[in-house]
Structure formats: structure tokens, C-alpha cells
Amino acid sequence: MTIHLHDTLRGRKLPFEPHKEGEVTMYLCGPTVYNYAHIGNARPAVVFDLLARLLRRSYKLRYARNITDVDDKINQAAIDSGKKIDEITAQYIKAYNDDMRALGVLPPDIEPRATQHIDEMIVMIGTLIDKGFAYEAEGHVLFDVSSDPDYGKLSKRDLREMIAGARVEVAPYKRSAQDFVLWKPSTPELPGWDSPWGRGRPGWHIECSAMAEKHLGETIDIHAGGQDLVFPHHENEMAQSNCAHDGAPFARYWLHNGFLSLDSTKMSKSLGNVLLVHDMVKKIPGELIRLALLGAHYRQPLDWSDAALEGARSMLDRLYGAIRGIELSDAERKAADPPAAVIEALEDDLNSPKAMAELFSYARALNKAKDENERRKLAAEILAAGDLLGILQMDAESWFAGNNDSELSADDIESLLKQRDEARASRDFATADSIRDQLAAAGITIEDSPTGARWRRS
RNA sequence: GGCUAGGUGGCAGAGUGGUUAUGCAGCGGCCUGCAAAGCCGCGGACAUCGGUUCGAUUCCGUUCCUAGCCUCCA
């Protein structure tokens, strides 16, 4: 089955055909590094990591995820903290990569940084001026929206209506309220670079156009990001790139993930309800967070809550419970492919909830199977699906052992289990049950089986 | 106000013009010393009002509601 993807520009799901046969280029708008990433920031990173993993099965993928390291919010963070800009960006770039790794996000092939592509941006801005799509005014360079007849097509906005509804305050140097900044002047204390228009810094949108062109070419196959980037960020990127490239399409498929809310409200610093991935991964297994993020289809809204997290935990308990106790060799693991139904679900516009549902039918089959070879085969297939989805990366015993922060160590538990076994052997069930109660009080659940008792933290 | 997405059983969340989502929770059974896990089975849903149709949760339109965007934002 061919991969189908929903394209924002055309507004529907389409069969995916890359520009060049067998090769795919993908660009994701990454973080602005002035703070830790919150759980909403993690959604596109995780969702499109899954897409990257899926694409790599069938194509040679070149995947870029940029880092915005020049931005007014960064400048403000430097002023607020008294730190140097470089210190701040270095700190948060490292934190971002660490946090994403904890969520099972594989590194992209390229991680271009805005500050390392100023020359390319200046060249592109010059091209836009030369071709009549941009103009200089009071040290600024602005994109002339009226010069691009396609402007508004991505976000499905009517330019005239936007003008009618525009805010009152329009910078005096703008010809039109919708014109946006490609280059703006910097004061001496702000970061800046020499340019034909004086010392300054780039506008927000130009970096993605310039970096995508440099690393992936004039036309990229997939451009992804959060839904809130459709306007103005992606609309503006598309305008810049299309105009600079004489109409060559910037992206063949535009993918946008839905918004994440927190307990049904928008995350915002003023409400104080921002969940930082950096804090969460200290307490919660990364793949649990990852599965919770993949628990809804990527284009659907997702409400983050403890209940959502517990739902993901139940799912992982069930899957780990099925494969628990089956030791596979590396060769057995490598030989297995994910179930076809799982792949088909993912190839249908990255339907991760469907993929999970298919995986559960394999877990059920494994739980029912008596034949050891059959069980090993099913376990290997489930684990192969886990590798594709970025889950089931832990040893099952470790998963059920959980955090080691309770009063009972694994050795304590084993010792108590042994006592209980002895009591049970002599049919002293009162003692056996009191040990079980003792363990239950410490959050340990016992599971007896023909091969002896197992335990897990709940 | 405009644009774009949605509104599915107790919760989460897929999907479909007529037939089982799936996970959790609930109920009954099997297994168990009793549990837990697992297995088998059961109940319960498609916001509203119209229309198309032999038949609509699924297509079209109305109304209501929700979210995002329209200003920095994943």
C-alpha cells in the first residue's frame, strides 16, 4: 500500500509521491531555544519522528529539523537572566535534544541553526528584492504580499478580508499591513549581522525558507509543523520560497499536527499550567509520554491529563505483559517485521490509534498461543512494531519493576515472595496472604504463574 | 465577526452508506487455595433538526457547541 498523507494546501488526504523516486526530503519547524520544551512542543517532534521512521522503511529520507537561535524572545531571555545569548541557546539546545531523546525521538539528519545561515538568508532576501517581491524601507526589508497572487492559499485566507480586518497599528514603513519583515535593523546591544541594508537581523520566517533550500533543495516533499504555524509562518515561508524560486513549489505536502490542551485548557505561562518535558521525563518513562502523544490521531486535538497518561500506561502494561518472559535472540528480533496491519494503519496518514488497536490483536493472539514457536514469532512481531512506533524499548521486567523509589527493593520483594511460596507450599494461606497484603500496601502486585510468582509495581 | 478543524458508548479514541474498532472501567463465566494476570462472553454510541437513499453514525444542508488561527506561539 502506498503512503497517504493529508495535505493542508489541498485540504485532503492524498497518495504520497515524492519529487524524486525513492527519495524523500522533510522539514520540520523545530524549537526556538529560549526555554525548555513543553509537552505541546513535544507533539510535533514525536509525531513527525514516527513519520520519519515510517518513511525510512520505504525511502531514502533526508530529514531536517531546524533550531531557531536568533529571536526576540531569546534576546529578552538574555536580558532577564543576565546570561549571554550563546549560553542560553546552547543550554536549551542541549536540553531539547536530551528531552526529545528521552521521548524516543531519533535525531534528524540535519539540525540547521538560523545563526549559521545568515548569508543564505541575505542572498534570498536580495533575490526577492531583485525580482520585485520585496522592498526596503527605513532599514527594514519587507515582503510585498500584494506581489504574490497565491498569498493566502495555504491558510485559506482572503487578502482583502484580512486588510479589512487589520489592526489599526500598522508600522509606518509598511506599504500594506500584511507585508511581513524579512530583515530588520538591530541596535548595537542586540545581535546583528552586516547586510546590504545595514546591520540587522532576520525576520522569523526567512530562516526556514533559506535553510530548506540549502539542505533539501528548492522543492521539498514534506513540510511539517504545528497547526498554529499555518498562519502566518508557513504562509509566509511559502510565499518567500515560491517567489524566490520562480514559482517552483516550496513543499509538495504540508502536514500540520493538532493542538494539545492541558486538562481542557490552553497551556499558558500566565495560567501557570505549562508542563515541561524536562521535568516530566524525570518521573515518567519517556515511552509512556510518547504513547500518550500518539494515542490520538496527529491531526486531532489532544487533551493532556493524568487520565490520558494512565490510559497509555494501561496499554503498555498490556503489551509488556504479553511479551514478558519471552527471551528473543537478536537474530530472532531482526528477522521479524511489524504486523502488516500496523504498517497499513500508519501508512494511512499516520493513524497511530489504529496501529495500536492492531497491535493489541497480536497481543491477544500471543496471550492465547500455546505453541512456543508461535509465541516467539508473535512476540518478535510485536517488538518490531514497537521499534517502528518507538515504544516497547524497555526490558519487560524493568518496565514492571518501575521506579525504584519505594521502600522495598527488588531484593526485599524477592525475599518476601520466597517466604510466601514456602507458606503456600505448606498450605499456610493466612501467612501467604498477609505477605501479599504487605506487598500490596507497598504498591506491589503479585501474579502467580505455573513458572512461579511474578511481581510488578502498580 | 472571518477562516479551518471537530462534536462517537462511563472515559480515551479509530472507523464505516447496511455486518466486531481497540484500550481502560463495569457485568457474567473459565482459570486460581483466594487473588492478580490471562482467556471467553455481555451490555452500552455515533450533538441537533431536516434532506438524499430501500437503508445514514457514515453523504448534503440547518442549528447548537468546542478548539485553533486571524498578534509571538508546536
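Chain A is the first sequence line, chain B the second, and so forth, proteins listed ahead of strands; every chain is numbered from 1. Quantities reported herein were computed from a predicted structural model and do not represent experimental measurements.
- Counting any heavy atom pair closer than 4.0 Å across all strands shown, A/Arg318 reaches sugar-phosphate atoms only and no base atom.
- Across the C1' atoms, B/U48 and B/G7 are found 11 Å apart, a figure rounded to whole Å.
- The side chain of A/Met315 approaches B/G23 more closely than any other nucleotide in the set B/A74, B/G23, B/A36.
- Base contact: A/His38 has a heavy atom under 4.0 Å from a base atom.
- Spacing of P atoms, B/G44 relative to B/G6, comes out at 29 Å, to the nearest Å.
- Classification of A/Arg113 and A/Asp69 as a salt-bridged pair holds, one side-chain N sitting under 4.0 Å from a carboxylate O.
- Comparing A/Ser261 and A/Arg436, the nucleotide of RNA chain B nearest to each residue sits closer to the 5' end for A/Arg436.
- Remark: B/U66 base-pairs with B/A5; criterion is Watson-Crick or G-U wobble with both hydrogen-bond distances under 3.5 Å.
- For the atom pair CG of A/Leu229 and CG of A/Leu154, the computed distance is 10.5 Å after rounding to the nearest 0.5 Å.
- Below the 3.5 angstrom threshold, one finds no donor paired with an acceptor across the side chain of A/Arg43 and the base of B/A74.
- The interatomic distance linking A/Asp303 (CG) with B/A12 (P) rounds to 8 Å, in whole Å.
- Atom CD1 of A/Ile435 sits about 12.5 Å away from atom NZ of A/Lys418, to the nearest 0.5 Å.
- Taking only side-chain atoms of A/Arg424, from C-beta outward, the nucleotide of B/C3, B/G33, B/C39 with the closest atom is B/G33.
- Residue side chain A/Arg364 does not reach the base of B/G38 through any donor-acceptor N/O pair under 3.5 Å, judged by distance alone.
- Base contact: A/Asp433 has a heavy atom under 4.0 Å from a base atom.
- Rounded to a whole angstrom, the distance from the C1' atom of B/A47 to that of B/U66 is 11 Å.
- A/Phe429 comes within contact range of at least one nucleobase, with a heavy-atom separation under 4.0 Å.
- By the 4.0 Å N-to-carboxylate-O rule, A/Glu310 lies close enough to A/Arg313 to be salt-bridged with it.
- Comparing B/G23, B/C69, B/G33 by their closest approach to the side chain of A/Ala432 singles out B/G33.
- Across the protein-nucleic acid pair, A/Leu291 atom CG and B/G23 atom C1' stand 10 Å apart, rounded to whole Å.
- No donor-acceptor pair under 3.5 Å is formed between the side chain of A/Arg65 and the backbone N or O of A/Gly30.
- Checking B/G33, B/C72, B/A14 against every side-chain atom of A/Lys354, the shortest atom distance belongs to B/A14.
- If you measure from atom NZ of A/Lys153 to atom P of B/U4, you get 15 Å, rounded to the nearest angstrom.
- Note on ring orientation: taking the six-membered ring where Trp is involved, the planes of A/His233 and A/Trp204 are parallel (angle under 30°, cut-offs 30° and 60°).
- Using a 4.0 Å heavy-atom criterion, one finds that A/Ala307 contacts no nucleic acid atom at all.
- For the pair A/Asn35 CG and B/A74 C1', the interatomic distance rounds to 14 Å; values are reported in whole Å.
- Residue A/Asn367 is classed as a sugar-phosphate contact, given heavy-atom separations below 4.0 Å to backbone atoms only.
- Within the nucleic acid shown, A/Ile446 comes within 4.0 Å of at least one base atom, counting heavy atoms only.
- Residue-level contact check: A/Asp448 touches the bases, meaning some heavy atom is under 4.0 Å from a base atom.
- Nearer to the 5' terminus of RNA chain B, by closest-nucleotide assignment, is the contact made by A/Gly295 (compared with the other of A/Gly295 and A/Glu447).
- Across all strands, A/Leu359 comes closer than 4.0 Å to no nucleic acid atom at all (heavy-atom distances).
- B/G23 atom P lies 18 Å from atom CG of A/Leu294, rounded to whole Å.
- With P as the reference atom, B/U52 and B/A14 are 32 Å apart, rounded to whole Å.
- Stacking between A/Phe259 and the base of B/A67 is absent under the criterion of ring centres within 5.5 Å and planes under 30 degrees.
- Counting any heavy atom pair closer than 4.0 Å across all strands shown, A/Met356 reaches no nucleic acid atom.
- On the P atoms, B/C3 is 12 Å away from B/U62, given to the nearest whole Å.
- Picking from B/C70, B/G6, B/A74 the nucleotide with the shortest atom distance to the side chain of A/Thr32 gives B/A74.
- Here A/Thr8 lies out of heavy-atom contact (under 4.0 Å) with every strand.
- A/Gln227 has its CD atom 10 Å from the C1' atom of B/G6, to the nearest Å.
- Residue A/Lys368 places its side chain closer to B/C40 than to any other of B/C40, B/U22, B/C24.
- Residue contacts shown for A/Gly225 are limited to sugar-phosphate atoms, with no base heavy atom under 4.0 Å away.
- Taking atom OH of A/Tyr27 as the reference point, atom P of B/A74 lies 13 Å away to the nearest angstrom.
- A donor-acceptor contact shorter than 3.5 Å links the side chain of A/Glu235 to the backbone of A/Gly152.
- In terms of modelled atom types and a separation under 3.5 Å, the side chain of A/Asp7 and the main chain of A/Trp254 share a donor-acceptor contact.
- A/Ile435 places its CD1 atom 15 Å from the C1' atom of B/A35, with the value rounded to the nearest Å.
- Contact annotation for A/Glu310: no contact, since no heavy-atom pair falls under 4.0 Å across all strands.
- Ring pair A/Tyr173/A/His140 is parallel by interplanar angle, where below 30° counts as parallel and above 60° as perpendicular.
- Nucleotides B/U20 and B/A35 place their P atoms 33 Å apart, quoted to the nearest Å.
- When the C1' atom is compared between B/C24 and B/A37, the two are found 15 Å apart, to the nearest whole Å.
- Residue contacts for A/Arg313: at a heavy-atom cut-off of 4.0 Å it reaches no nucleic acid atom on any strand shown.
- Within the shown strands, nothing qualifies as a pairing partner of B/G44 under the Watson-Crick or G-U definition with both distances less than 3.5 Å.
- Taking atom C1' on both nucleotides, B/G10 is separated from B/G43 by 12 Å, rounded to a whole Å.
- Residue A/Trp204 places its side chain closer to B/C73 than to any other of B/A74, B/G13, B/C73.
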